[in-house]
2 protein chains.
Amino acid sequence: MIDAIRRAGHKITPQRLAIVGILAESQGHPSVEDIYEQVVEKFPTISLATVYRNIILVKSLGQVLELGFADGSNRYDGHKPYPHPHVVCVRCRKIIDPHLSSLTDMTREVSRETGFEIITHRLDFFGLCPECGSEKAEDLGEKVAGGRH
Amino acid sequence: MIDAIRRAGHKITPQRLAIVGILAESQGHPSVEDIYEQVVEKFPTISLATVYRNIILVKSLGQVLELGFADGSNRYDGHKPYPHPHVVCVRCRKIIDPHLSSLTDMTREVSRETGFEIITHRLDFFGLCPECGSEKAEDLGEKVAGGRH
DNA sequence: CTCCCTGCAAACTATTTGCACCGTC
DNA sequence: GACGGTGCAAATAGTTTGCAGGGAG
């Protein structure tokens with residue numbers, strides 16, 4: 001990832017290094033805030049703008065997958081920066097990657113039926129993870145799958 | 001849809017009637033702006049706030065499906081207000097509903113593997129529709145599948 | 001030594017909210 | 001007539017941008 005940045009002619013600053021490091025290594029699909037909070041530990045004066053700018057950079061290099069959700073929250077995956085399904089806990093916001101077959105078949109089916117040239121896709125499942133599922137549930141329904149902001 | 005609103009104890013105003021009418025009848029997955037522009041024709045003094053408030057209302061009654069996208073845009077479907085796949089043209093933003101089987105199988109598979117209790121899902125394909133695909137393509141890649149704003 | 005990058009603050013955009021008046025029931 | 005709904009304007013939240021100084025190459 002660092003190489004990709006260097007190859008694209010961008011400088012390697014300590015802040016940038018820290019930010020892309022978190023993106024590249026984390027398994028947990030961090031949010032902008034998550035990243036910011038971790039980086040502030042090392043660089044107390046860093047600004048959110050710098051985090052945003054660097055995310056935009058690696059995103060433009062195809063080194064990270066951005067997952068925008070209906071409620072406006074964004075999560076990032078630098079570990080598998082290509083489209084793949086996600087399973088999201090609507091209670092604790094945990095995100096994991098399920099192993100799924102038959103998605104390419106589905107893409108072909110869609111392409112045949114609609115005449116679209118499919119470029120990418122997005123598949124998310126929303127529900128309760130085992131930990132949250134055993135607790136009592138209330139405010140779940142609403143803002144789950146759909147409209148951002 | 002009007003009945004659902006009345007049953008929930010809300011009044012039927014002319015503005016409300018116009019807004020939900022557009023949501024219920026349109027096949028085209030309109031945006032807030034689309035709805036506003038149509039309603040302004042009849043009610044020149046209507047405000048965006050009223051459109052938002054009424055969308056929130058019908059959404060809370062489960063009468064409309066909200067599709068939030070990575071770039072922050074929202075689209076609404078009052079025709080099929082339950083989760084279903086969409087195919088989105090990244091050029092002209094047209095949205096259509098493909099007919100797809102095997103999604104329920106997939107949900108079961110995810111549930112079994114992850115231990116999640118799946119509540120809902122979201123499946124979108126992004127690409128070029130037949131009309132846009134025949135033109136030349138440039139600024140497509142970036143903000144396609146992912147992070148809303 | 002030259003730019004790119006950073007930090008700060010202000011700008012932006014989409015949505016939400018407070019408030020006074022209005023219209024449905 | 002009461003109370004929910006509307007229109008307006010201001011508030012909000014998340015992200016982006018302009019600018020001046022600082023550091024990587």
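Each chain gets a letter, A, B and so on, in the order the sequences are listed, and its residues count up from 1. Any value given below was found using the heavy atoms of this structure, including those in side chains, with hydrogens, waters and symmetry copies removed. If you're wondering where the values come from, they're calculated on a predicted model, not measured in any experiment.
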Carboxylate-amine/guanidinium contact B:Arg122 B:Asp124, below 4.0 Å: yes

Residue A:Lys11, side-chain atoms from C-beta onward, closest of D:dT17, D:dG25, D:dG5: D:dG25

Below 4.0 Å: OP1/OP2 of D:dA24 and any side-chain N or O of A:Arg6: no

Most 5' of A:Phe43 and B:Leu48 on DNA chain C, judged by nearest nucleotide: A:Phe43

C:dC5 OP1/OP2 closer than 4.0 Å to side-chain N/O of A:Thr13: no

Side-chain H-bond candidate by donor/acceptor type, B:Asn74 with B:Glu66, under 3.5 Å: yes

Sugar-phosphate, base or nothing in reach of B:Ile56, heavy atoms under 4.0 Å: sugar-phosphate

Closest contact, heavy atoms only, B:Pro85 versus B:Leu103: CG-CD2, 4.1 Å

Under 3.5 Å side-chain donor-acceptor pair for A:His29 and A:Asp97: yes

Phosphate-side-chain proximity, A:His10 and C:dC4, N/O vs OP1/OP2 below 4.0 Å: no

Short side-chain N/O contact to C:dC8 OP1/OP2 from A:Ser47, under 4.0 Å: no

A:Ala49 vs B:Leu57, nearer the 5' end of DNA chain D by closest nucleotide: B:Leu57

B:Gln15 side-chain N/O to C:dG23 phosphate OP1/OP2 under 4.0 Å: no

hbond_proxy A:Arg53 side chain to C:dG7 base (donor-acceptor, 3.5 Å cutoff): yes

